[in-house]
2 protein chains.
Amino acid sequence: MEETFVVQALSALAQRNRLQLFRALVVAGPEGLTPGALAEALAVPGATLSFHLKALLQAGLISQERRSRNLIYRADYAQMNGLLGYLTENCCQGQPCTALPVPACAC
Amino acid sequence: MEETFVVQALSALAQRNRLQLFRALVVAGPEGLTPGALAEALAVPGATLSFHLKALLQAGLISQERRSRNLIYRADYAQMNGLLGYLTENCCQGQPCTALPVPACAC
DNA sequence: GCCATATTTTTATGATCATCGAAATATGGA
DNA sequence: TCCATATTTCGATGATCATAAAAATATGGC
């Protein structure tokens, strides 16, 4: 995993609106959510929401699919797991650590 | 875990210098590293380094201890694990997921 | 007490980010 | 084709961040 990608992904998550957005999508699971549903859930104006969804999308943390008139956003669990794993890589030079279970979400 | 803390921690990690700093401390393990060693390892001026160490410290991701003339910085593994767990909390409403192993580093 | 070393704080500058109203665009149905 | 709905892009504003030189501070040894 690229350091540049990791920084971008962490930047994307390091903001209240976007963190809530991402978590909502993580909880929603494979069905995902539309911008409309998210805007209502988080009580954020459409333009602001779109701005933040774009950031998460460009960071590769969520995906977008058109479903007729709606868009559907979903969390990208693979990227998320890669990101989490990166932070603990080579922890303690392997020495006194419990073998690092990379956090897995297999939705 | 507080959302405010999570955002601050993610912000702290969402920067190249700080990410490298944190990872270096994660790899270093319980012995930690001094600012001098870190400055040399990352090739960053002292003032810049100190600025970033402070951010990680205030975010609770690392700890500081004075050891005579040197300071020693260490990664805070508990906070890191809490942070990682937060991102996957309530994933997919519990449904089709492999039970979430929270990533553990027990250094 | 005084010096050398290690580290932090101050300060200034330029760069990037968050917000959201208004305008623009896409989509499906009539 | 034309309208209504869903969503995004544009644009302006204020706020926050990264950098690093220079000055300030802490520590231990002499």
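All values derive from a computational prediction rather than experimental measurement. Residue numbering restarts at 1 for every chain, and letters A, B, ... go by the order of the sequence lines.
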For this session: Could you run through nucleotides 6-18 of chain C and give me one letter per nucleotide, 5' to 3': B if any protein heavy atom sits under 4.0 Å from the base, S if only the sugar-phosphate is that close, - if neither?
Result: SSBB--------B
Exercise. Is the CD atom of B:Gln64 crowded by more than 12 outside heavy atoms at less than 6.0 Å?
Worked result: yes
Exercise. Do the side chain of B:Glu2 and the main chain of B:Phe5 share a donor and acceptor less than 3.5 angstrom apart?
Worked result: no
For this session: Decide yes or no for A:Leu49 and A:Leu38: does some side-chain heavy atom of the first lie under 4.5 Å from some side-chain heavy atom of the second?
Result: yes
Exercise. Whole Å only: how far is the CD atom of B:Glu65 from the P atom of D:dT27?
Worked result: 13 Å
Exercise. Just wondering, are more than 12 heavy atoms of other shown residues or ligands nearer than 6.0 Å to CD in B:Glu3?
Worked result: yes
Exercise. Got a sec: does the CZ of A:Arg67 have more than 12 other heavy atoms crowding it under 6.0 Å?
Worked result: no
Exercise. Rounding to a whole Å, what distance do you find between A:Ile62:CD1 and D:dT7:C1'?
Worked result: 14 Å
